[in-house]
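Here is the structure we will look at.
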Amino acid sequence: VAVVQGDVVNLRSGPGTNYQVTGQVTRGTRLEVLGKSGSWYKIVYAGGKTSWIAGWLVKVENTGAYKPPAQSPSTPTNPSVGKQVAVVQGDVVNLRSGPGTNYQITARTTRGAELEVLGKSGDWYKIAYAGGKTSWIAGWLVKVKTVPVPAPPPQRGSGRPVFELAAETGEGKVVLQIRTPVPVSYKILTLGNPDRLVIDLTGLPDGDLPPGGTLSSPLVTDIRTGWFQRDPMVARVACDLGTSRHAVRYRDTLKDDGQTLEVQLLAVDATRRDGKIVLDPGHGGSDPGAIGRAGIREKDVNLAVALECARLLREQGFEVVLTRDADYDLDLYERTEIANGEEATVFVSIHSNSNPDPSKQGVSTYYYAPADDPVLGPQAEQRRQLAECIQDALVAATGRPDLGLYQAKFAVLRTSAMPSVLVEIAFLSNPEEENLLGQEWFQKQAAKAIAQGIISYFAGVN
C-alpha cells in the first residue's frame, strides 16, 4: 500500500512526469500497489482505475494482506517475458463491470482493439482500457496474445555511494556539497506539491546513492536521494522545504574539475521577496558603446548577458523587466524612467568597460548614494550591499581581477529611485577580456554571477 505524503499529489498515465495527469490524491490516501517502474508505482484508485504515482511522494507499507492470484496455464509467470493482450474479434463488443453477462455494461470496444489483460475468471478476462480504467470482456470475443515488454532496469548498487553528500545549516541558509568521482552535469529546479528543490545529476557511474536525512533547519526539513530511469540515468537529490518554494532562492557553483557542486539555499527576506528587478543592457541601436580591436561591440555583449540573467532570475520566481530586449536606441533617462515607473525594487545596469591602457582588466561595480541627498542618502547601505553582492559573485565566477567598488555620479544611478548599481563585467579594450566577452559561455557565466549576486542581496547575505 502506498500512503500519500504530499498535500495534493498528481496521478499520471505512465511512470514519469512527462505523462498526462489522470487524477489527484491528498495526504494520507492509501493506494494499492500493482507494480513498479523505476521510482514510480502503479496503483489502483477510484473504484478500480489504475494510474502511476511518484515514489518520492509516497511511503510504501507491506500490509501482508495481498495474496497473488493463481495463474492460469496461459498467463506468463515472469513479467520480463511478456504481457498478455486481448485482441477484440467482434465488430462491437461490450465491456462489463464483472465477469459475466449479468454485470453492468461499462463501455464498448470495436474489432482490432488491443486491451492489456490484468487477470482471468472463468471465460472472462479483466482488462485495462481508456487510460487505466479496468473492466471485463468475454473470452470468446477476443484472441489473447503475449507481447514482449522491456526488462526492468538493472538494479544499481555496488555497496558504496557513488558520490559524497554533505549538508551544513546556518541562519537563513542551507549549504549542500556534492563530491563526485567523475565530472558531471546537473540541473536544478523547484517543484510544488510538496514544495521542494531538486538537483538532477547525469554522468555518474553505477552504484548506491548516499542516504538522505533530516535537517534541523526551518528551510530544509529532509533530504532524499534516488535514481531515475532516463537516458542517460539521473541521480536526484531532493530537498523537502520547510517553507514555500517562492520564499527560497538558490546559488550553485561547480568547481573547475566538474566534480564538486555546491548549492546554497537561501531564505529570502520577506520585505524583499516579491520585489521587481529591472535589468538595463547598456547602449544599443545607434550607440554601440565600446568596441574592441576584434570588433566585439559592447551593446551586443550587454544585451546577451542581460537576457540570460533575466531568464535565470525568472526561473527562480523573480519578476524581471528589461529596459530593452533588442538592439534599439534608448536614452539614459528613459532607462530609469522605466525602473521608476515599474516601482522596481532594484535596478542593475550592465556594461563592458574600456580604457586607453589595453593592459587594464578586471571587474568593477559602481553605486551612488551621497549622504546629503534626501532620496539616495538613506539607501546608502542597500546600494553598497547590492554592489558588493554582485561584485563578489562576478569576481568568483569569471576569475577576473577584482577592481572593487566605486561611487560615481552616473545618470542611471543618480536618477533611479531604488537601490541601483552599474556593473562593468570586463574590458573590451583588453585583448584577453575582449576574447572572453565575445564568447557565449563567458556571457552566460557573467549573467549567472549577476543573478546570483542579486539573489544574495535579496537573501540579505553580504
Side-chain angles (χ1 to χ4, degrees), residues 172-173 190 219 243-251 264-282 302-303 305-325 330 332-351 365-370 373-394 405 407-408 410-425 446-462:
K173 70 177 180 178
T190 57
L219 198 60
T243 184
S244 166
R245 68 186 187 279
H246 302 299
V248 177
R249 303 290 183 254
Y250 66 84
R251 297 190 302 179
Q264 293 188 46
L265 289 83
L266 307 166
V268 178
D269 185 334
T271 62
R272 302 175 178 175
R273 187 177 303 159
D274 300 321
K276 184 183 296 184
I277 299 163
V278 172
L279 298 179
D280 171 41
N302 299 344
L303 180 59
V305 172
L307 289 171
E308 175 65 8
C309 184
R311 185 188 69 80
L312 293 170
L313 289 168
R314 286 168 180 154
E315 275 189 355
Q316 296 212 43
F318 286 101
E319 184 178 357
V320 182
V321 174
L322 288 157
T323 58
R324 69 178 180 96
D325 57 7
L330 193 65
L332 284 175
Y333 298 99
E334 288 181 278
R335 300 169 190 268
T336 48
E337 283 176 7
I338 292 172
N340 295 336
E342 291 284 347
E343 297 183 346
T345 307
V346 297
F347 173 87
V348 177
S349 190
I350 298 172
H351 289 258
T365 305
Y366 294 80
Y367 69 102
Y368 185 63
D373 189 294
V375 175
L376 308 185
Q379 296 179 7
E381 177 58 25
Q382 291 173 298
R383 289 180 171 230
R384 184 205 59 79
Q385 185 184 50
L386 178 60
E388 185 176 287
C389 287
I390 293 176
Q391 176 74 9
D392 289 349
L394 266 173
L405 307 181
Q407 287 213 49
F410 294 140
V412 292
L413 300 182
R414 71 172 186 268
T415 59
S416 50
M418 69 294 301
S420 59
V421 298
L422 186 147
V423 180
E424 297 280 9
I425 301 169
K448 185 175 181 179
I450 294 170
Q452 292 192 339
I454 294 170
I455 290 167
S456 293
Y457 169 77
F458 273 81
V461 177
N462 291 317

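We're numbering straight along the sequence, starting at 1. These numbers were taken from a predicted model, which means no experiment stands behind them.
Between the OG1 atom in T323 and the CG atom in L303 there is a gap of 9.0 Å [rounded to 0.5 Å]. The CZ atom of R324 sits 6.5 Å away from atom CG of N302, with the distance rounded to the nearest 0.5 Å. Considering CG of L405 and OH of Y366, their distance stands at 10.5 Å, rounded to 0.5 Å.
Residues that satisfy the salt bridge (Lys or Arg N to Asp or Glu O under 4.0 Å) test with E424, not counting sequence neighbours, are absent from this structure. Partners of L219 by side chain to side chain contact (heavy atoms under 4.5 Å, CB included), not counting sequence neighbours, listed by chain and number: V174, S217, T243, V248, L265, A267. Applying the side-chain hydrogen bond (donor to acceptor under 3.5 Å, both in side chains) rule to E334 yields no partners; only residues at least two apart in sequence or on another chain are considered.
Counting heavy atoms of neighbouring residues, nucleotides and ligands inside a 6.0 Å radius, atom CD of E315 exceeds 12 of them.
Not one N or O on the side chain of D280 forms a donor-acceptor pair closer than 3.5 Å with the backbone of G282. A donor-acceptor pair under 3.5 Å is formed between the side chain of N340 and the backbone N or O of A417.
Of all non-hydrogen atoms in D373 and P378, the two that sit nearest each other are O-CD, 3.6 Å. Here the closest heavy-atom approach between residue R383 and residue A369 is recorded as CD-CB, 4.0 Å. Residues K276 and E342 share a closest heavy-atom pair of NZ-OE1, 2.8 Å. Pairing each heavy atom of F347 with each of A339, the nearest pair is CD1-CB, 3.5 Å.
Screening I390, T345, L312 for a side-chain contact (heavy atoms from CB on, under 4.5 Å) with I454, the sole residue that qualifies is I390.
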Before giving the answer on side chain to side chain contact (heavy atoms under 4.5 Å, CB included), spell out for F318 and R249 the whole-Å C-alpha distance, their side-chain angles and the decisive distance to 0.1 Å. CA-CA 10 Å; F318 286 101; R249 303 290 183 254; 2.8 Å; yes
